[in-house]
Amino acid sequence: MYNAVNEAKNQVSEVIMEALGRLTGSGKIPAEPLPPFQVTIPADSSHGDFSANVALVSAKTLKSNPRAVAQMIAEAAELAGTAFDKVEVAGPGFLNFFVGNVWFADVVRNAVKLGRDYGKTDLGKGKRMLVEFVSANPTGPMHIGNARGGAIGDCLSSLLAEAGYEVSREFYINDAGNQVEKFGKSLSLRYMQVCGEAGQRVAAENKDIDSFTKAIYGEDGNSPEFPMPEDVYLGQDIIEHAKNYFDLNGDKLAAVSEEERRKALTEYALPLNIERLEQDLLKYRIKYDNWFKESSLHQSGAVAEVIEKLKAGGHTYEQDGALWLRATDFGGDKDFVLVRSNGFPTYIVPDIAYHYNKLITRGYDKAINVLGADHHGYVQRMRICLSAMGIDDSRLDVVIMQMVMLVRGGEAVKLSKRSGKAITLTTLLDEVPLDAARFFFNLRNSDTHLEFDLDLAVEESSKNPVYYVQYAHARICRVIEKMSEDGAVYGGGEVSYTEPAEFALVRKIAEMPEMINDAAKEYNPSALTRYAFELAQSYHKFYDSCSIKDAEQPVKLSRLALCEAARTVLRNVLALLKVDAPEKM
RNA sequence: GCGCCAUUAGCUCAGCUGGAUAGAGCAACCGCCUUCUAAGCGGUAGGUCGAAGGUUCGAAUCCUUCAUGGCGUGCCA
């Protein structure tokens, strides 16, 4: 795995350690253990390509001032055979290392040579990660939060794979429990409305399904003529299912028992919803490795086993007819219920069984869940449950994402999950290009609120960061194409650079593998969009100040090589985001 | 009440395992297309890093307290 930045950092450390060895050997500094120091890339390249704070952290131990210590190390440092041309003492006592031309040339040649493999690392070699994301309820369409979760989870998965982890993407289908009960109840109510006299009259007046559902739906899903009680789903999709079932099968369910009706309607609509979820996510360029059904955990007895295990471990007690988990034994605020007094387990029991399946049955090293901030209380409870099951709870990692605020015309778009009027993933994608949606949802750290500007996402201009990045790619392609028409093609030979804009672009290219490692460690796919933007920016600046067409032969090919390298890296990053890299715009 | 997250330029946000003059985009203002894609580039202006203490050679970054906002804290999921 090629990682020029990491190698250079290691070299800096080695050079310093050797210098310190010589200094203690000659008695110039006392032989004391020194604190660890850091090698970083300075923000300002006039401070060198790599910088070490060894003198600053060691000054106290050595009873000297940082600049004097730095000076001694700089003088004792042996740079022959390293990537570095020179080392300087600067500021309060930093050691600034400057890489030579060979380093820059190597970066470019390697990026061109490695192609799609450039940027890959082996950070996670041998580790298997299961990334679970979206897992929207199959009782209705996906909302805007699912859209953010989808983009984050999918790009996080790509990122981890790039860092060498073996990654599986998984969707957990909540096809059992209360939500599904409520789904059946809602369907049944709407079905009876559709069968009824009023429903038939509306059907006669509204031939197409859209106007029909709208008519039944009323103002906010609860029209006086077609009233719905509290605690049911009011989405128009429920009416649509009921109507479709009626069209296919007539009113034959009107006479059967409520229970039977709910069951039949659920068995009809739930698979359709699940298929719809899969289709919608595919359109969003998300393909799961596995769709895991909650119902399978009930059928296999895994849910019952969880309760038995927790009971056997002595972590439960009965009170008020319910079974409680002694969460306080594991640092929880309060105990909570596992099995309700009506005999049904709460939502967390199948979830425990599911995590047990991930970590023990299937043996993944880590289970990563992408969850909305409104579920963060759940995370602590799940950790407690895992501990109670004897599983190391650090094997569960959670990426919490804050809410999305949609903005249009400078004002917040009001969301209402309950009324079914929330903006769905599908309607979002009708309005916003796919590339923009995927890019925008990864624009910010997941743990900050995301302001999604619908106007900006649609705008085809430099204001829109997606276009800025894609434009850089298209520009590179055009340059390379133009030059090849003139017979100038980079064939992999020696290259050399002199201009600041060239160096800046090479440095940015060199950063990719480290960026991947850092972002993977932090589970932070937003680093990808940021990096893509910075890389595009470095290219635009290079393009502006360094002509390729008018350059003399050796310089021309070196710059062409740099274009190739930049294009490769841009493509690689966009591939991780699953955003198109257009050749023309 | 307790817990989690946030608070940095007019706006949206980076930077947070302590380091050099606190960065970027947008908005504002001034420039650059007979020259490889101006969907671009350069420049100007804009900051008591929510507040107050503390830790230290050094704090946007770590600790404490407080303020404001969001979300949790169900025999809902």
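Throughout, protein chains are lettered first and strands after them, A, B, ... in sequence-line order, and every chain is numbered starting at 1.
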Under 4.0 Å from OP1 or OP2 of B/G42: is there any side-chain N or O of A/K541 that close? yes
Categorize A/T448 for me: base, sugar-phosphate, or nothing, with a 4.0 angstrom heavy-atom threshold over every strand shown. sugar-phosphate
Rounded distance in Å between the C1' positions of B/G46 and B/C26: 13 Å
Polar pair under 3.5 Å, donor/acceptor by atom type, side chain A/S341, base B/C75: yes
Mapping A/V339 and A/N464 onto RNA chain B by nearest heavy atom, which one lands closer to the 5' end? A/N464
Any salt bridge between A/E431 and A/R408, counting N to O under 4.0 Å? yes
Please state whether the phosphate of B/G74, meaning OP1 or OP2, lies under 4.0 angstrom from any side-chain nitrogen or oxygen of A/K334. yes
Do we see a donor-acceptor contact under 3.5 Å between the side chains of A/S526 and A/N442? no
side-chain N/O A/K463 vs B/A39 OP1/OP2, d < 4.0 Å: no
Does A/Q537 reach a base, just sugar-phosphate, or nothing at all? Heavy atoms under 4.0 Å. sugar-phosphate
When we call it a touch if two heavy atoms are under 4.0 Å apart, what does A/D44 touch: a base, just sugar-phosphate, or nothing? base
Output yes if the stacking criterion (under 5.5 Å between centres, under 30° between planes) is met for A/F94 over the base of B/A20, else no. yes
Where does B/C71 land, syn or anti, once you apply the within-90°-of-0 test for syn? anti
Less than 4.0 angstrom between a side-chain N/O of A/N445 and OP1 or OP2 of B/A14, yes or no? yes
Contact under 4.0 Å: A/N178 side-chain N or O vs B/A77 OP1/OP2: yes
Length of the CD1-P vector between A/I348 and B/U73, whole Å: 12 Å
A/S545 near the nucleic acid: base, sugar-phosphate alone, or nothing, with a heavy-atom cut-off under 4.0 Å? nothing
For the side chain of A/T346, counting heavy atoms from C-beta on, which of B/A39, B/G40, B/C75 is nearest? B/C75
Please classify the nucleic acid contact of A/N53 as base, sugar-phosphate, or nothing, using heavy-atom distances under 4.0 Å. base
Please tell me which of A/A472 and A/L450 maps to the more 5' nucleotide of RNA chain B, matching each residue to the nucleotide holding its nearest heavy atom. A/L450
Taking any heavy-atom pair under 4.0 Å as a contact, classify A/K584: base, sugar-phosphate, or nothing. base
Taking the side chain of A/E451 as heavy atoms from C-beta outward, which of B/A6, B/U12, B/U37 is closest to it? B/U12
Using OP1 and OP2 only, check whether a side-chain N or O of A/R478 sits under 4.0 Å from B/U37. yes
Distance between the C1' atoms of B/C11 and B/C4, in whole angstroms? 27 Å
Counting the benzene-type ring for Trp, do A/F441 and A/F452 have ring centres under 6.0 Å apart? yes
Answer with base, sugar-phosphate or nothing: what part of the nucleic acid does A/F533 contact at a heavy-atom distance below 4.0 Å? sugar-phosphate
Euclidean distance, atom CZ of residue A/R567 to atom C1' of B/C36 [Å, nearest integer]: 14 Å
Would you mind telling me which of B/A20, B/U37, B/C5 lies closest to the side-chain atoms of A/N96? B/A20
Tell me yes or no: between the side chains of A/Y354 and A/E170, is some donor less than 3.5 Å from an acceptor? yes
Give A/H540 one of three labels, base, sugar-phosphate or nothing, depending on what nucleic acid heavy atoms sit under 4.0 Å from its own. sugar-phosphate
For residues A/Y347 and A/N174, is any side-chain donor paired with an opposing acceptor at under 3.5 Å? no
Checking A/Q470 against A/D580: is there a side-chain donor and acceptor pair closer than 3.5 Å? no
Gap in Å between the two P atoms, one belonging to B/A67 and one to B/A52, rounded: 15 Å
Quantified in whole Å, what is the C1' atom distance between nucleotide B/G58 and nucleotide B/A22? 15 Å
Is any NZ, NE, NH1 or NH2 atom of the basic residue among A/R507 and A/D49 found under 4.0 Å from an Asp or Glu carboxylate oxygen of the other? yes
If I pick the C1' atom on B/G53 and the same atom on B/A45, what distance separates them, to the nearest angstrom? 35 Å
Taking the basic N atoms (NZ, or NE/NH1/NH2) and the acidic carboxylate oxygens, is any pair closer than 4.0 Å for A/K358 and A/E132? yes
Need one value for A/D455: base, sugar-phosphate or nothing, where a base atom within 4.0 Å counts as base even if backbone is also close, heavy atoms only. nothing
Using the C1' atom as the reference point in each nucleotide, state the distance between B/U48 and B/A59 in Å, no decimals. 15 Å
Identify which nucleotide among B/C36, B/A14, B/C75 has an atom closest to any side-chain atom of A/D320, counting heavy atoms from C-beta outward. B/C75
Dump the intermediate steps for salt bridge (Lys or Arg N to Asp or Glu O under 4.0 Å) on A/R571 and A/E583, then the final yes or no. CA-CA 11 Å; A/R571 272 185 185 165; A/E583 303 201 349; 3.4 Å; yes
How long is the line joining OH of A/Y467 and P of B/G25, in whole Å? 20 Å
Please report, rounded to the nearest Å, how far the P atom of B/C26 is from the CZ atom of A/F440. 12 Å
Within the structure shown, what part of the strands sits under 4.0 Å from A/C563 by heavy-atom distance: base, sugar-phosphate, or nothing? nothing
CG of A/N442 versus P of B/A14: gap in Å, rounded? 13 Å
Rounded to the Å, how far apart are A/K482 NZ and B/U37 C1'? 9 Å
Would you say whether A/H375 stacks on B/G72? The test is a distance between ring centres of less than 5.5 Å and an angle between planes of less than 30°. no
For the P atoms, the ones on B/A60 and on B/A20, what distance do you get once it is rounded to whole angstrom? 9 Å
State the dot-bracket string of RNA chain B. Criteria: Watson-Crick or G-U wobble, both atom distances under 3.5 angstrom; notation: ( ) intrastrand, [ ] crossing earlier pairs, | interstrand, . unpaired. (((((((..((((.....[...)))).(((((.......))))).....(((((..]....))))))))))))....
Side-chain ion pair, A/E564 and A/R567, N-O less than 4.0 Å: yes
How is A/V57 classified with respect to the nucleic acid when contacts are heavy atoms under 4.0 Å: base, sugar-phosphate, or nothing? base
Spacing of A/K60 atom NZ relative to B/G58 atom C1', expressed in whole Å: 11 Å
Over all strands shown, is A/A90 touching base, sugar-phosphate only, or nothing at heavy-atom distances under 4.0 angstrom? base
Students often get this wrong, so: under 4.0 angstrom with heavy atoms, is A/R381 touching a base, only sugar-phosphate, or nothing? base
Mind telling me whether A/F50 and A/F84 have parallel, tilted or perpendicular rings, with 30° and 60° as the class edges? perpendicular
Nearest whole Å is fine: how far is B/A39 P from A/Y468 OH? 13 Å
A/Y543 side chain N/O closer than 4.0 Å to the phosphate oxygens (OP1, OP2) of B/A38? yes
Ignoring hydrogens and geometry beyond distance, is the side chain of A/S51 in donor-acceptor contact with the base of B/A20 at under 3.5 Å? yes
Output yes when at least one side-chain N/O atom of A/R340 is less than 4.0 Å from OP1 or OP2 of B/A77, else no. yes
Exercise: do A/T121 and A/N517 side chains pair donor with acceptor under 3.5 Å: yes
Would you measure the distance from the P atom in B/G25 across to the matching atom in B/U21 and give it in whole Å? 22 Å
Quick one: label A/A474 by what it contacts on the DNA or RNA (base, sugar-phosphate, nothing), any heavy atom closer than 4.0 Å. base
